[in-house]
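Worksheet: one structure, shown below.
A, B, ... follow the sequence lines: proteins, then strands. Residue 1 opens every chain. Values below: every heavy atom of this structure, side chains too, minus hydrogens, waters and symmetry copies.
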Number of protein chains: 2
Amino acid sequence: MSVPRQERGPTIVDVADLAQVSVSTVSRVVRKHADVKDETRARVQAAIDSLGYQPSPIARALVAGRTRLLALLVSDIANPFYPQLARSVEQEAKRGDYTVVICNTDDRAVETRRYLERLLLQGLDGVIHASVSHDEAVVHELLPDRRRVVFTNRPPTDPQASYVVSDNAGGAEDLTRYLLSIGHRRIGFIGGPKFATNAVARVEGFRRVMTEAGEPDPLVAEGDFSAEHGGKAAIAWREIPHPPTALIAVNDSVALGALEALIDRGLKVPDDVALAGFDGVQLAASPLVNLTTVDQHIDRMGRRAVRVLLRQLGRRAGPTASEVLPTQLLVRGSTDSTLRPPLQGLVPGRGGASPAGGRKGRAEKAS
Amino acid sequence: MSVPRQERGPTIVDVADLAQVSVSTVSRVVRKHADVKDETRARVQAAIDSLGYQPSPIARALVAGRTRLLALLVSDIANPFYPQLARSVEQEAKRGDYTVVICNTDDRAVETRRYLERLLLQGLDGVIHASVSHDEAVVHELLPDRRRVVFTNRPPTDPQASYVVSDNAGGAEDLTRYLLSIGHRRIGFIGGPKFATNAVARVEGFRRVMTEAGEPDPLVAEGDFSAEHGGKAAIAWREIPHPPTALIAVNDSVALGALEALIDRGLKVPDDVALAGFDGVQLAASPLVNLTTVDQHIDRMGRRAVRVLLRQLGRRAGPTASEVLPTQLLVRGSTDSTLRPPLQGLVPGRGGASPAGGRKGRAEKAS
DNA sequence: GTGAAAGCGCTAACAG
DNA sequence: CTGTTAGCGCTTTCAC
């Protein structure tokens with residue numbers, strides 16, 4: 001393993017030599033810490049500038065036990081929800097002079113463990129946990145200090161744990177009420193895995209409202225967060241006696257899978273079946289998709305999560321903090337045919353008619 | 001800044017004490033380096049196990065000047081191309097016991113500089129540069145050792161630089177020839193920024209084939225990689241005297257933007273205008289999109305890039321290596337109406353006809 | 001105000 | 001085969 005060694009720049013000793021002071025004085029100047037005589041400070045600063053000296057984070061980390069490194073744990077970077085979250089997390093972290101590492105867990109606790117073990121040894125300072133895996137125990141085991149972690153996207157079980165999540169149940173309630181209000185009675189919920197507490201909360205909200213509406217035992221399909229699951233569930237329900245007239249997917253990705261599968265079967269959305277998602281990813285707003293959804297304000301959630309984490313990291317004994325953010329229902333063409341439907345009527349060259357074309361109503365209306 | 005200090009686990013000294021040997025012996029055992037008597041090794045190993053000792057990467061990095069940390073520079077994690085690339089890069093890096101940090105440059109050289117400065121100080125070992133920004137000079141300035149960087153996605157200018165890229169020109173040529181072969185003469189190319197060498201190569205391939213076909217001055221719209229740009233260019237060309245009958249977008253994201261804009265105007269794809277992309281992102285295969293594209297085999301590209309980088313990192317004097325990977329044309333409904341068109345004929349509830357439904361031909365055929 | 005000295009946890013000669 | 005000895009580059013008492 002004769003690997004090339006990183007060339008190092010000037011060290012604190014070089015600066016000290018040049019400025020004719022001790023290293024401790026240089027250290028003080030660099031950290032603008034204790035009192036240093038103005039003149040000395042100036043001399044040291046000049047030496048720093050002329051050498052282009054920059055302190056080594058590695059050495060600092062060795063001494064301080066801190067790295068200004070945060071990890072963002074996501075389920076699947078290929079699910080558009082996570083890149084959106086990642087961008088906002090990264091941006092906010094940058095403002096606090098932290099760097100973010102993105103880690104894909106694939107919702108497997110073993111991956112959570114792998115990353116955490118590795119990065120903690122590497123000197124990780126904190127974790128933004130946006131993955132929904134059944135791994136809370138692992139996190140608490142590896143990071144017993146609750147202040148170093150903030151859960152987002154899904155609420156944690158541990159009452160001590162810090163989190164920034166959406167009002168998942170409330171959002172699902174709003175959405176369900178809306179579907180009932182436009183006349184749907186048979187509504188199917190394409191759910192996520194039962195270890196995902198955000199998915200569970202959404203199902204609960206749905207169930208609650210349905211029960212209130214006199215539909216105490218609505219259709220619910222458990223599964224994972226894959227588009228395939230969405231597609232399969234949507235199709236399976238076409239075969240049953242009284243197929244649902246509306247579907248709610250546990251998130252936009254699953255909704256997209258359902259939409260694709262429905263299209264594949266030649267079904268019309270929203271006329272044959274209405275469809276809604278949850279998250280509010282950008283893609284859902286595309287005219288190709290035009291999906292009714294519950295907006296989590298992903299950017300805000302990411303920003304808030306970082307703020308909360310940095311606050312906890314910043315003081316010695318501060319308690320953990322938590323936030324529940326409101327959601328917003330976005331009604332689009334996939335449930336409301338007076339708006340543009342998910343898909344314009346573009347038909348193959350031979351046969352089939354084309355629609356009126358152009359816009360049909362506003363593309364979207366907030367709840 | 002009274003920040004909580006990371007609790008540290010047992011150190012090498014603890015192990016040495018327990019095993020009644022010197023730290024160097026422990027170090028040897030840990031690194032399975034020099035010869036250690038079996039009995040000693042066993043004793044040390046027992047101590048390691050009982051203490052649950054794990055060496056500190058930070059201290060190692062301080063001594064070795066290496067961290068087993070790689071950075072993946074991407075233009076925009078929200079462009080589906082990059083998450084797909086990131087997954088394969090991450091996976092391959094994991095196999096070599098490296099950890100990958102994903103960095104968004106937004107295609108701004110200043111961001112490249114920011115990340116690189118920061119991470120190099122942090123002890124970054126190598127860089128997979130998949131962002132296409134005009135920042136090659138910055139990279140070479142900050143990382144003069146060419147072995148520490150591999151460019152992917154876009155070919156670098158520096159002849160010494162290592163890279164793993166697709167045959168961008170060739171892919172564009174294949175695509176253009178295909179469009180000509182199905183009868184298109186007026187083809188518009190929605191290009192990217194001129195600082196992006198991959199985009200430039202694609203335009204060149206396009207121009208070459210068009211010239212050969214007797215269309216020496218085809219439509220080309222320069223711009224950025226945004227979906228907006230795709231939409232605007234596609235629309236703008238509807239207004240000119242002889243609008244193109246086919247469009248090629250510099251990548252799938254731009255193509256998606258164009259598709260959305262065309263739909264928005266009530267135009268039919270591929271009948272009013274055919275549309276193709278470049279990249280081969282998963283979304284392009286969706287029945288909602290069904291986009292003809294040039295497959296870059298993103299996963300393979302990411303894997304190869306990591307391999308090349310790790311090889312260069314691994315030996316002291318090995319020369320830099322480079323690879324150009326072949327592409328594959330994927331013909332789908334956005335250019336071939338005998339396949340399923342991008343959008344099934346789903347029309348609003350009132351008015352408009354619905355299509356035959358079900359599949360129309362194979363969803364896709366390789367070139 | 002400033003400096004000297006002792007590490008942080010590990011690796012890497014160099015001796016035995 | 002194994003131990004001793006220097007550091008890696010920085011922070012941090014504790015003196016002066």
Q: Go through C:dT2, D:dC1, C:dT11 for me and flag the one nearest to the B:K37 side chain.
A: D:dC1
(Q) How close do A:A321 and A:Q312 get, counting heavy atoms only, and between which atoms? (A) N-OE1, 3.0 Å
(Q) Rounded to whole Å, please give me the gap between CD in A:Q20 and C1' in C:dG1. (A) 17 Å
(Q) Quick test of your reading of the model: are A:R154 and A:D135 salt-bridged, counting only N-O distances below 4.0 Å? (A) yes
(Q) Given the structure, check if the side chain of B:S24 and the base of D:dT4 hold any donor-acceptor pair shorter than 3.5 Å. (A) yes
Q) Does the side chain of A:R31 get closer than 4.0 angstrom to OP1 or OP2 of D:dT12 through an N or O atom? A) yes
Q: Go through D:dT4, C:dT2, C:dG9 for me and flag the one nearest to the B:A59 side chain.
A: C:dG9
Q. Taking only residues two or more places apart in sequence or in another chain, which ones pass side chain to side chain contact (heavy atoms under 4.5 Å, CB included) with A:E117?
A. A:R113, A:L142
Q: Check the distance between D:dT2's C1' and B:E39's CD and give it to me in whole angstrom.
A: 13 Å
**Q.** Value in whole Å for how far the C1' atom of D:dC1 lies from CG of B:D38
**A.** 12 Å
**Q.** Under-3.5 Å donor-acceptor pair between A:R28 side chain and C:dG3 base
**A.** yes
Q: Assess whether one donor atom and one acceptor atom, taken from the side chain of B:S27 and the base of C:dA12, lie less than 3.5 Å apart.
A: no
Q | Overall bend - the helix from C:dG1-D:dC16 to C:dG16-D:dC1, comparing terminal axes fitted on five pairs, nearest 10 degrees | A | 40°
(Q) Between the side chains of B:E111 and A:K94, is the shortest nitrogen-to-carboxylate-oxygen separation below 4.0 Å, so that they form an ion pair? (A) yes
Q.
Check the phosphate of C:dG9 against B:R60, side-chain N and O only, distance under 4.0 Å to OP1 or OP2. Yes or no?
A. no
**Q.** For B:R304, all residues meeting side-chain hydrogen bond (donor to acceptor under 3.5 Å, both in side chains), sequence neighbours excluded
**A.** B:E323
Q. Using a cut-off of 4.0 Å on non-hydrogen atoms, how would the nucleic acid contact of B:V21 be classed: base, sugar-phosphate, or nothing?
A. sugar-phosphate
Q. Looking at C:dG3, D:dG3, C:dG9, which one has an atom nearest to any side-chain atom of B:V63?
A. C:dG9
**Q.** Nucleotide nearest B:L62 when distance is taken to its side chain, options D:dT2, C:dC10, D:dG9
**A.** D:dG9
Q.
Test of understanding: with salt bridge (Lys or Arg N to Asp or Glu O under 4.0 Å), list the residues that count as partners of B:R43, not counting sequence neighbours.
A. none
Q. Would you say B:S56 reaches C:dC10's phosphate, i.e. side-chain N/O to OP1/OP2 under 4.0 Å?
A. no
Q) Partners of B:D106 by side-chain hydrogen bond (donor to acceptor under 3.5 Å, both in side chains), sequence neighbours excluded? A) A:R87
Q. Atom CD1 of A:I48 to atom C1' of D:dC10: distance rounded to whole Å?
A. 13 Å
Q) Toward the 5' end of DNA chain C, which comes first, A:V23 or A:R43, by nearest nucleotide? A) A:R43
(Q) Using the side-chain hydrogen bond (donor to acceptor under 3.5 Å, both in side chains) criterion, which residues pair with A:S75? Sequence neighbours excluded. (A) A:Y82, A:D107
Q: Give the nucleotide from the list D:dT4, C:dT11, D:dC10 with an atom nearest to the side chain of B:I12.
A: C:dT11
**Q.** Between C1' of D:dC10 and CD1 of B:I58, the distance in whole Å
**A.** 13 Å
